[in-house]
Engineer: 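Take a look at this one; I'll ask things after.
So you know, we letter chains A, B, ... as the sequences are listed, proteins then strands, and number each from 1. What you are looking at is a predicted structure, and each value in this text was computed from that prediction instead of being measured.
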Number of protein chains: 2
Amino acid sequence: MPQPSAPRKTRGRPPRFSREEVVATARRIVDEDGVDRLTMRRLATEVGSTPMALYHHVRNKEELLLLLLDDHAARTLRRPELPAHPRERIIVAAAAIHEALAACPWIVEVLTADDLMSASALWFVEQIVDGLVECGLTPERAVHGYRAVWYYTAGEIVVRATAARRRADADDADADAYADRATYRERVFADLDPDELPRLARIADDWAPLTAEDTYLDGLRALVDGLLVSR
Amino acid sequence: MPQPSAPRKTRGRPPRFSREEVVATARRIVDEDGVDRLTMRRLATEVGSTPMALYHHVRNKEELLLLLLDDHAARTLRRPELPAHPRERIIVAAAAIHEALAACPWIVEVLTADDLMSASALWFVEQIVDGLVECGLTPERAVHGYRAVWYYTAGEIVVRATAARRRADADDADADAYADRATYRERVFADLDPDELPRLARIADDWAPLTAEDTYLDGLRALVDGLLVSR
DNA sequence: ACCTGAACACCGTTCAAGT
DNA sequence: ACCTGAACACCGTTCAAGT
C-alpha cells in the first residue's frame with residue numbers, strides 16, 4: 001500500500017523530484033519498452049537526474065519493482081458488481097484479479113516453460129489427455145483440461161519457489177531488504193479491519209501455517225473432479 | 001530433446017571439451033549456487049577455458065538454459081506405476097511432473113508474487129475465502145481453496161505471458177534463436193509416434209489453435225466446482 | 001575447427017565529496 | 001537533506017587473431 005508521502009521536514013535541501021515521479025516514470029518505461037529496459041541509469045536520465053539520486057527515494061531496484069506492482073494494482077483493480085450467489089462471487093473476484101494481472105504481464109516476464117517443458121514430458125501429457133478422454137471428455141475438452149492442470153501446476157511451483165527463495169534470502173543476515181518484505185504480509189494481516197475483511201481478520205493468525213501446508217494434491221483433485229463434471 | 005552429438009568430422013583441431021561437459025558443469029553450478037550465479041564467465045573458468053570457447057558449443061546463454069532444462073527433465077522424470085482408474089492416472093501423471101519440477105525450482109526462480117500481490121488485492125481474497133465458507137467449507141479448507149485458485153491463476157498468467165513474449169520475439173527478425181524455439185513444439189508434434197502417444201498424435205494438428213483459446217474461466221469454474229464437492 | 005585476448009556496451013551499487 | 005561524479009565489480013557478446 002503506497003504510503004501518502006510522510007510529513008516532510010522543511011529543513012534541508014528541497015527535493016528535485018518525488019518518489020511518485022520516479023514510480024510514474026518507471027511505469028512509463030515499462031509500458032513502452034518492457035521491464036527488461038527498466039534500468040536505474042535510464043530511469044535516472046528520464047527523470048532528469050543521476051542514478052544515485054534515485055537511491056535517495058528507493059532503497060534499491062527490487063523495491064522499485066515492488067512499488068511498481070503496488071502502483072499497478074492500485075490503479076487497475078476495480079471492485080466489480082458482485083453476484084448474489086457465492087459461487088459466482090468467487091468466479092467474479094478471481095477473474096478480476098486475473099484481469100488485472102493479465103494487463104501487466106511484465107510482472108512474470110520470465111523463463112517459464114510453455115505447455116511443453118520438454119519432449120520428455122510428452123508421455124505424461126498423453127496420460128492426462130487420455131485419462132480425460134476416457135472419463136468422457138471430447139478430445140478438445142481434454143486438451144483444455146490438460147492446460148488447466150498445467151496452469152495450476154505451474155502456478156503452484158512458481159508461487160512456492162518464490163516463497164522459498166524469499167525465506168532463504170530473509171535468513172541471510174545481510175539481506176535486510178528481503179527481511180522487510182518477508183514481514184510485509186505479517187504487518188498487513190496485523191492491521192486488518194475486521195469490519196471490512198472479516199474472514200481474513202478471523203483467520204489472520206493461522207494464515208502463515210495454513211499456506212505453508214502442501215495442498216497441491218488436494219487442489220489438483222478438486223480441479224480434476226471439476227473438469228469431469230459435465231456442465 | 002538433446003540430439004546425440006552429430007557425427008563428428010575428424011578434420012580440424014580436436015575439441016578440448018564437449019557440449020555435455022558444458023551442460024554438466026552448468027548443472028553443478030546451478031545446483032550448488034543457484035541459477036543467478038550461472039554466468040558464462042564462471043562456467044568458462046570452471047570448465048577450464050575462456051568465455052568465448054563456450055560459444056562454440058552453445059549459441060548463447062538462453063540455449064544453455066534450455067539445454068539445462070532438458071537435461072533435468074531427462075534425468076528426473078520417471079514413469080510411475082499407473083493406477084487402473086483413469087482419474088487416478090491423471091493425478092499420478094500430473095504429480096510426477098510436479099515432483100520433477102519441484103526438484104528444480106530454479107526454472108522459475110523469478111519475481112512472482114507470493115499469495116499477496118499487494119494490499120489492494122486483499123478485498124478480493126476476502127471475497128474468495130468468504131464465498132468458499134458460505135458454500136460450506138471450513139475456514140481452513142477455504143484458505144487452501146483460495147490458494148488453489150491463486151496457483152491456477154498465477155500459472156495461467158505466467159504461461160500465457162511467456163508464450164506471448166516468445167511469439168513477439170519470434171516475430172523479431174533478428175532473433176533467430178527464438179524463432180527456432182517457437183517451432184520446436186511443431187517439430188516435436190510432427191514426429192509423434194501414434195503408437196506411443198496416440199491421443200497427442202491424433203490431436204497434433206489442432207494443438208496450437210486449441211491451446212491458443214482462452215479457457216481460463218472454464219478451468220476456474222471446474223476448479224471451484226471441484227473444491228466445493230465434499231470429499 | 002577450435003580456442004584465445006582484448007574490447008564493447010552495458011549493469012546495480014558504493015563511496016566520498018559537493019551544495 | 002539532497003544530489004553528483006567517479007569508481008567498483010560485474011555482465012553477455014562481438015571481433016580479430018592465433019594454432
Engineer: Specify the separation, in whole Å, of atom CG of N60(A) and atom P of dT14(C).
Structural biologist: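 Those two atoms, CG and P, are 8 Å apart.
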Engineer: Rounded to the nearest Å, what distance is computed from the CG atom of residue D36(A) to the C1' atom of nucleotide dG12(D)?
Structural biologist: 14 Å
Engineer: Which heavy atom in L43(A) sits nearest to a heavy atom in L64(A), and how many Å separate them?
Structural biologist: CD2-CD2, 3.5 Å
Engineer: So which nucleotide from dC2(C), dG5(D), dC2(D) ends up closest to the side chain of H56(A)?
Structural biologist: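 Closest nucleotide to the H56(A) side chain: dC2(D).
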Engineer: According to side chain to side chain contact (heavy atoms under 4.5 Å, CB included), who are the partners of D195(A), at least two apart in sequence or on a separate chain?
Structural biologist: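 Per chain and number, D195(A) pairs via side chain to side chain contact (heavy atoms under 4.5 Å, CB included) with D193(A).
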Engineer: Whole angstroms only, please: what is the CZ-C1' distance between R19(B) and dC2(C)?
Structural biologist: 16 Å
Engineer: Y55(A) side chain: which of dC3(C), dG12(C), dC3(D) is closest?
Structural biologist: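 Of the options given, the side chain of Y55(A) lies nearest dG12(C).
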Engineer: Taking only residues two or more places apart in sequence or in another chain, which ones pass side chain to side chain contact (heavy atoms under 4.5 Å, CB included) with P51(A)?
Structural biologist: R41(A), A44(A)
Engineer: Less than 3.5 Å apart, any donor N or O on the side chain of Y151(B) or R147(B) sitting next to an acceptor on the other?
Structural biologist: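 Distance-only check passes for Y151(B) and R147(B).
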Engineer: Taking all non-hydrogen atoms of both residues into account, name the closest pair between Y152(B) and T215(B) and its distance.
Structural biologist: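 Closest approach of Y152(B) to T215(B), heavy atoms only: OH-O, 3.7 Å.
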Engineer: Can you tell me, in whole Å, how much space there is between the P of dC10(D) and that of dA9(C)?
Structural biologist: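 Pairwise P distance, dC10(D) against dA9(C), rounds to 22 Å.
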Engineer: Rounding to an integer number of Å, can you tell me how far H57(A) NE2 sits from dA1(D) C1'?
Structural biologist: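 Distance, rounded to whole Å: 10 Å.
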Engineer: Quick one: which residue pairs count as a ring-ring contact (aromatic ring centres under 6.0 Å, His included) with a foot in residues 19-38 of chain B, not counting sequence neighbours?
Structural biologist: none
Engineer: In chain order, what residues pass the ring-ring contact (aromatic ring centres under 6.0 Å, His included) check against H57(A), with sequence neighbours excluded?
Structural biologist: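 For H57(A), the residues satisfying ring-ring contact (aromatic ring centres under 6.0 Å, His included) (neighbours in sequence not counted) are F17(A).
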Engineer: So which protein N/O to nucleotides 6-11 of chain D N/O distances come out below 3.5 Å?
Structural biologist:
{"from": "dC11(D)", "atom 1": "N4", "to": "R41(B)", "atom 2": "NH2", "distance (Å)": "3.3"}

Engineer: What stem regions, each of at least 3 consecutive Watson-Crick or G-U pairs below 3.5 Å, can be found for DNA chain C?
Structural biologist: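 Expected stems, ordered by start: C:4-8 with D:12-16, C:12-16 with D:4-8.
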Engineer: Check salt bridge (Lys or Arg N to Asp or Glu O under 4.0 Å) between E46(A) and all other residues, then give those that pass, not counting sequence neighbours.
Structural biologist: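 R28(A), R42(A).
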